[in-house]
Amino acid sequence: MRIAVTYENGSIFQHFGHTEQFKLYDIQETQIVKDQIIDASGSGHGALAGFLTENGVDTLICGGIGGGAQMALSEAGIQLYGGVSGSADEAVKALLDGSLAYNPNVQCSHHEHEHGGNCAGHSCGADKHGCPGAHA
């Protein structure tokens, strides 16, 4: 299993479509056997979903994420754990031991009526939008 986490300074970056780095974790059974930080090549939902697929990722932990990105990840066969905040390392450990708190319905509610689920142009992690689970 390979887990990717949207990453910034040790924490889960709160907007999937604008993440500049991912931290990748290689898992055997329930143990982290290797981790590395990689720069994202490109931005936007489709490019990042393709990037994760090319890097063998099958699971993603992130903060805020819009509907378009969720669809791209689903089509790529990547399991999503969204609406997570805090330490990237702690989130992966929590996922592995079955205690990760995440929002299976993470979607910024304002996206649907404003611009059809596209996150471009603003930060989902901003408290002013009331995105569920997208706050530190």
Separation between [atom1] of [X] and [atom2] of [Y], rounded to the nearest 0.5 Å:
X: E90; Y: S85; atom1: CD; atom2: OG; result: 12.5 Å
X: L73; Y: L48; atom1: CG; atom2: CG; result: 8.5 Å
X: I61; Y: I3; atom1: CD1; atom2: CD1; result: 5.5 Å
X: Q31; Y: K93; atom1: CD; atom2: NZ; result: 10.5 Å
X: D89; Y: I32; atom1: CG; atom2: CD1; result: 6.5 Å
X: M1; Y: T30; atom1: CE; atom2: OG1; result: 10.5 Å

- Message: For Q36, I'd like to know if atom CD has over 12 heavy atoms of other residues, nucleotides or ligands within 6.0 Å.
- Response: yes
Heavy atoms only: give me the nearest [X]-[Y] pair and the separation to one decimal.
X: I78; Y: A49; answer: CD1-O, 4.2 Å
X: L52; Y: F16; answer: CD1-CE1, 4.0 Å
X: F13; Y: E8; answer: CD1-OE1, 3.5 Å

Of V5, N103, T59, the one forming a side chain to side chain contact (heavy atoms under 4.5 Å, CB included) with Y81 is T59
Exam field: side chain [X] to backbone [Y], donor-acceptor pair closer than 3.5 Å:
X: R2; Y: N55; answer: yes
X: Q14; Y: I12; answer: yes
X: S74; Y: Q70; answer: no

**Item:** Steps toward side chain to side chain contact (heavy atoms under 4.5 Å, CB included) verdict (Y102, L95)
**Value:** CA-CA 9 Å; Y102 69 99; L95 177 64; over 6 Å; no
Under a side-chain separation threshold of 4.5 Å, the hydrophobic residues clustered together with Y7 are I37
(Q) Set out, in order, the CA-CA distance, both residues' side-chain angles and the distance that settles side chain to side chain contact (heavy atoms under 4.5 Å, CB included) for I38 and F51, then state yes or no. (A) CA-CA 11 Å; I38 60 171; F51 175 77; 3.5 Å; yes
Problem set entry | Under 3.5 Å side-chain donor-acceptor pair for D97 and S99 | yes
